[in-house]
There are 2 protein chains.
Amino acid sequence: MSVQASAALFRPVRAGNAFEETVERLLQAVRLGVVEAGGRLPPERELSERLGVSRVTVREAIRALSDAGYVESRRGRYGGTFVNAVLPPKPAGDGVIDAEELQDVLCLRHVLETGTAEQAAMRSLMPDERRHLKDALTEASVADLDDYRRRDARLHLAIAESSGSTSLTSAVADVRMRVDALLDRIPLLQPNLDHSNTQHATIVDAILGGDPATARQAMAEHTEGTASLLRGFLR
Amino acid sequence: MSVQASAALFRPVRAGNAFEETVERLLQAVRLGVVEAGGRLPPERELSERLGVSRVTVREAIRALSDAGYVESRRGRYGGTFVNAVLPPKPAGDGVIDAEELQDVLCLRHVLETGTAEQAAMRSLMPDERRHLKDALTEASVADLDDYRRRDARLHLAIAESSGSTSLTSAVADVRMRVDALLDRIPLLQPNLDHSNTQHATIVDAILGGDPATARQAMAEHTEGTASLLRGFLR
DNA sequence: CTTTAAAGGACCGCCCACGGCCCATTAACC
DNA sequence: GGTTAATGGGCCGTGGGCGGTCCTTTAAAG
C-alpha cells in the first residue's frame, strides 16, 4: 500500500464539527460573493434543510458570522439575514506557509480551473447562462480594489457553473477559499488587476465562442499568474 | 444569486453520519485496491486517529464491512483487519440512473483524470515514483476480468499520486467510487479491457517521458471510452 | 387599523458519537 | 515455557447536535 495513497484515503472524514463546517459554508457564500453585498441569505429553516444540519446549528453559525461583522439579522416577515455592505478585514494569519500545502492547492486549482474553462467552452450554453457569464465579467472589470476579490471569485464560479457540473462548481468554490486564504497575505496591486481583467475577457470570449483549446490556454495563463505571484511572495 | 451556484454551495455539509462516512472511506481503500487482497488495514487506534473519528465508530464500520464479507479481523499481537481475497459481489442497484448525475460525474472525472495525467507528466518523478507507476501498469495489464476493476483503479490512483497533490488524489479516489457505482450496472468485456491496457501504456509512457500534452490527450481518449460506454448502456 | 404570514428567537428531551479505560487474545521473543 | 507487546473486544459517562414545538417580531395586504 502506497503511503501517499493511504494518506489521501485515510484523511479525516470530517473537517470539523457541524458548527464549524456550517460557518465555513456560509463564509463561502459571503466571501465568494455568491450572496452579494446587501443580499439576503436563505431563511434559517431552508438553510437547515439544504445544509443537512439542525436549525440550532445554523443559528449558532449565523450568530458567529454576525458577531464577526459579516452579516446582520432582522426579525419579522420580510426579515432575514443580510450580508453587510462592508466586510470585516480578515486576520493576516501566521507568516509561515507550508510549502506542500501551497503546491497542493495551486496544482489542484490549475487542474480544476482549466478544466472548467474547457468544459464550459465545449457546451452549448443557454442564453441566460451566456448573459450570466457576461454580467459577471463586466462586474469584475469595473470593480475597485476593495471589491475585486469577491467579483473575481464570482466570475470564476460563473465559469465553473457553465461547465454544467455542480460537483465541479463545488470543487472550484472550495479550492478558491483555500487560495483566498493565501492571497490574504500578499498585497493586491492595480497592474495585476488590469492584467487579470484582460485575461478574463479572453477566457469568456473563448467560452462564448466555443473554443475549448483557447479557453483552457487562457485560463492556464491566468492561474499561472497568481500562482507565480504566490510562489514569489511566500517563498 | 445564481441558483446553480447556491445549489453548489448550500449542498449538505456532511454526506452522512460518522458511521456511514467511515464505512464509505474504508470501502474506498478496499474497493479501489489501495489495500490489496490479503493486505492489512491500519490498526483501529491508528484509523481512529487518522480518520478523526472515535475508535468505537471505526470498530462499528469494520464490523459492517466484516458482516458484508469484505474484511476479516484477527485478534492478538500481529493480528488486525485483513482484506478478503475474494470480495463479495456488489448489489446491482436500481436500474434508473439520474441523467444529471451521470453528466456530473463524467464531466468531473474527465477534468480530474486528464488534469492529473498532465500534471504528473510535468513533474520530474523520483525513482520510486516511476517504479510505482510501472508496477501498477504491469499489474493492471495482467489482471483477469475479476481483478481488473481494482487494479485499474489502483493504476489511476498511482497516476494521481504522481501529480504530487494529495487533494487531487483524494478527488480522483472519490470520483472513481462514483464511476464504479455506475460501472457495476454494465458488463465488462474483454475487448474493452484490452483497449484500456493499450491506452494505459500510452499514458504511463507519456508521463515517464515528460510529455504532458500526450499524457493529457491519451487520458482524455481513455476516459471518453468508458464515458461513451456508460452513456450508451444507461440511456 | 386589523389581520396574516413569514421570518428570527428560544427551549426541551433524546440519541449518536466521543474519550477514556480495562479486558482478552495472540504470536514473537528470550 | 514464560514474558511481552500489540492488537481487537467491550463498556460507561458525557456532551454536542438533532427534531420538534412554541413564542416574538415585523411589514405587507386588506
Side-chain angles (χ1 to χ4, degrees), chain A residues 1 6 10-27 29-30 35 38-84, chain B residues 1 6 10-27 29-30 35 38-84:
Chain A
M1 166 175 56
S6 77
F10 295 141
R11 82 204 115 109
V13 293
R14 25 196 62 176
N17 56 34
F19 166 73
E20 290 166 343
E21 290 195 37
T22 304
V23 168
E24 197 57 31
R25 201 61 76 72
L26 296 181
L27 260 183
V30 173
V35 179
R40 195 182 73 170
L41 291 178
E44 292 175 354
R45 289 166 177 79
E46 183 182 335
L47 278 178
S48 162
E49 207 168 337
R50 293 173 66 176
L51 297 181
V53 133
S54 84
R55 207 183 135 215
V56 183
T57 304
V58 169
R59 300 197 72 254
E60 282 169 351
I62 288 179
R63 176 63 197 271
L65 294 195
S66 175
D67 287 347
Y70 285 99
V71 300
E72 221 163 275
S73 293
R74 290 203 291 273
R75 297 182 67 167
R77 193 175 185 183
Y78 299 88
T81 302
F82 299 84
V83 176
N84 285 340
Chain B
M1 166 174 56
S6 77
F10 295 141
R11 83 205 114 109
V13 293
R14 27 194 61 177
N17 56 34
F19 166 73
E20 290 167 341
E21 291 195 36
T22 304
V23 168
E24 196 59 31
R25 201 61 76 72
L26 296 182
L27 261 183
V30 174
V35 179
R40 194 182 74 171
L41 291 178
E44 293 175 355
R45 288 165 177 79
E46 183 183 335
L47 278 178
S48 163
E49 208 169 337
R50 292 173 67 176
L51 298 181
V53 132
S54 82
R55 208 185 132 213
V56 182
T57 304
V58 170
R59 300 197 72 253
E60 283 169 351
I62 288 179
R63 175 63 197 270
L65 294 194
S66 175
D67 287 347
Y70 286 99
V71 300
E72 221 164 276
S73 292
R74 290 203 291 273
R75 297 182 67 167
R77 192 174 185 183
Y78 300 88
T81 301
F82 298 84
V83 177
N84 285 340

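Here is how names work: the chains are called A, B, and so on, in the same order as the sequence lines, proteins then strands, and each is numbered from 1. The figures that follow rest on heavy atoms only: side chains count, while hydrogens, waters and symmetry mates do not.
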Participant: Please compare E60(B) and R75(B) by the position of their nearest nucleotide in DNA chain C and report the one closer to 5'.
Facilitator: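 Result: E60(B).
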Participant: Choosing from dA7(C), dT7(D), dG17(D), which nucleotide comes nearest the side chain of R45(B)?
Facilitator: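 So the side chain of R45(B) is nearest to dT7(D).
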Participant: Does S54(A) or G80(B) map to a spot on DNA chain D nearer the 5' end, using the closest nucleotide for each?
Facilitator: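 Closer to the 5' end of DNA chain D: G80(B).
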Participant: Only one of R50(B), R59(B), R63(B) passes salt bridge (Lys or Arg N to Asp or Glu O under 4.0 Å) with E44(B); say which it is.
Facilitator: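 Single salt bridge (Lys or Arg N to Asp or Glu O under 4.0 Å) partner of E44(B) among R50(B), R59(B), R63(B): R59(B).
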Participant: Among dG9(D), dG17(D), dA7(C), which nucleotide sits nearest the side chain of N17(A)?
Facilitator: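 That would be dG17(D).
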Participant: Can you tell me how far C1' of dG8(C) sits from CZ of R40(A), to the nearest Å?
Facilitator: 11 Å
Participant: Tell me whether the count of non-hydrogen atoms from other residues, nucleotides or ligands lying under 6.0 Å of CD in E72(B) goes above 12.
Facilitator: no
Participant: How many Å lie between CZ on R63(B) and C1' on dG9(D), as a whole number?
Facilitator: 11 Å
Participant: State, yes or no, whether a side-chain contact exists between L51(A) and T57(A) at a heavy-atom distance under 4.5 Å.
Facilitator: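 When only atoms from C-beta onward are counted, T57(A) and L51(A) do not touch, as no gap falls below 4.5 Å.
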Participant: What is the distance, to the nearest angstrom, from the CZ atom on R74(A) to the C1' atom on dA27(D)?
Facilitator: 11 Å
Participant: Please give, in whole Å, the distance from dG8(C) C1' to L47(A) CG?
Facilitator: 12 Å
Participant: Determine whether more than 12 heavy atoms belonging to other residues, nucleotides or ligands lie under 6.0 Å from atom CD of E20(B).
Facilitator: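 Yes, enclosed.
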Participant: What nucleotide, of dG19(C), dT25(D), dG8(D), holds the atom closest to the side chain of V56(B)?
Facilitator: dG19(C)
Participant: Nearest whole Å is fine: how far is dA17(C) C1' from E44(B) CD?
Facilitator: 16 Å
Participant: Without decimals, in angstroms, what is the distance between L26(B) CG and dG8(D) P?
Facilitator: 12 Å
Participant: Round to the nearest Å and state the distance from I62(A) atom CD1 to dG9(C) atom P.
Facilitator: 8 Å
Participant: Please tell me if R55(A) has a side-chain N or O lying less than 4.0 Å from either OP1 or OP2 of dA10(C).
Facilitator: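 So the side-chain polar atoms of R55(A) never come under 4.0 Å of the phosphate oxygens OP1 or OP2 of dA10(C).
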Participant: Out of dA17(C), dA28(D), dA27(C), which has the shortest distance to the side chain of Y78(B)?
Facilitator: dA27(C)
Participant: Look at atom CD of E60(A) and say whether more than 12 heavy atoms of other residues, nucleotides or ligands are closer to it than 6.0 Å.
Facilitator: yes
Participant: To the nearest Å, give me how far apart CG (L41(A)) and P (dG8(C)) are.
Facilitator: 9 Å
Participant: Which nucleotide wins on minimum distance to the side chain of V53(B), given the candidates dC18(C), dG9(D), dG8(C)?
Facilitator: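 Nucleotide nearest to V53(B)'s side chain: dC18(C).
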Participant: Looking only at side-chain N and O atoms, does R59(B) come under 4.0 Å of OP1 or OP2 in dG9(D)?
Facilitator: yes
Participant: Measure distances between side-chain N and O atoms of R77(B) and base N and O atoms of dT7(D), and say whether any donor-acceptor pair falls under 3.5 Å.
Facilitator: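 In this structure, the two groups form no donor-acceptor pair.
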Participant: T57(B) side chain N/O closer than 4.0 Å to the phosphate oxygens (OP1, OP2) of dC16(C)?
Facilitator: no
Participant: What nucleotide among dA27(C), dG17(D), dT7(D) has an atom nearest to a side-chain atom of F19(A)?
Facilitator: dG17(D)
Participant: For S73(B) and for V58(A), find the nucleotide of DNA chain D with the closest heavy atom, then tell me which residue's nucleotide is more 5'.
Facilitator: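 Between the two, 5'-proximity favours S73(B).
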Participant: Should the pair R14(A)-E21(A) be classified as a salt bridge under the 4.0 Å nitrogen-to-oxygen rule?
Facilitator: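 No, this pair does not count.
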